[in-house]
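First comes the structure, then the notes that go with it.
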Amino acid sequence: MGDTLYTTTATAWGGREGRVASGDNRLGLELSVPKSMGGDDGPGTNPEQLFAAGYAACFHSALKAIARGRKVDVSDSAISVTISIVGSVAAGDLGLQARIEAELPGLPPDVGNELLAAAHEVCPYSAATRGNVPVELALVQS
């Protein structure tokens, strides 16, 4: 590993039915359990939404960096990440899976797919999940 470029800390109180905050107080959110996981589907967010948001932002930055290096315009692009919990709560064998959808208007599909694959190689979230979380890459129409 190289030099540390940035460090942050977040703390959770109460697990999935509590709250979470960053050490610098820029992030402060209430948490709720989705109905599909036995919760009350309250107004708060959940860890999967937070993970999806972070992954989408990180992946989009990686994609934009790759595109910039190849002199490809992706200024109208968007990345959506869907995080799913899979398995059985009762059996205790829960895991995650991810789907990354890229909207890359005006690019030929072969160029878009090359950018997606390259971004997946350099995105820190992709590196952290590689081999642990199944990730599907998809080029979609906007």
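Numbers here are sequence positions counted from 1. Since the model is a prediction, treat every value here as computed from it, not as a measurement.
With sequence neighbours excluded, no residue forms a salt bridge (charged side-chain N to carboxylate O under 4.0 Å, His left out) with D110. Under the salt bridge (charged side-chain N to carboxylate O under 4.0 Å, His left out) criterion, E17 pairs with no residue, sequence neighbours left out. Checked against salt bridge (charged side-chain N to carboxylate O under 4.0 Å, His left out), R99 has the following partners two or more places apart in sequence or in another chain: E101, E136. With sequence neighbours left out, N25 forms a side-chain contact (heavy atoms from CB on, under 4.5 Å) with no residue at all. Annotation: side-chain contact (heavy atoms from CB on, under 4.5 Å) contacts of R70 (sequence neighbours excluded): I66, V72, E114, L115, A118. With sequence neighbours left out, A102 forms a side-chain contact (heavy atoms from CB on, under 4.5 Å) with I79, L104, L116, L139.
With side-chain heavy atoms closer than 4.5 Å counting as contact, directly or through intermediates, the hydrophobic cluster containing L31 also holds V20, L27, L29, L50.
Listed by first and then second residue, the ring-ring contact (aromatic ring centres under 6.0 Å, His included) pairs involving residues 93-134 are F51-Y125, Y55-Y125 (not counting sequence neighbours). Among residue pairs with one or both ends in residues 61-110, none qualify as ring-ring contact (aromatic ring centres under 6.0 Å, His included); sequence neighbours excluded. The stretch residues 78-97 participates, sequence neighbours left out, in no side-chain hydrogen bond (donor to acceptor under 3.5 Å, both in side chains) pair at all. Pairs of residues two or more places apart, or lying in two chains, never qualify as ring-ring contact (aromatic ring centres under 6.0 Å, His included) while including a residue from residues 70-105. The stretch residues 76-118 participates, sequence neighbours left out, in no ring-ring contact (aromatic ring centres under 6.0 Å, His included) pair at all.
Residue H60 comes nearest to S77 through the heavy atom pair NE2-OG, 2.7 Å, listed as atom of the first residue, atom of the second, then distance.
Without hydrogens or angle criteria, T129 side chain to V133 main chain gives no donor-acceptor distance under 3.5 Å.
To the nearest 0.5 angstrom, M37 atom CE is 12.5 Å from S32 atom OG.
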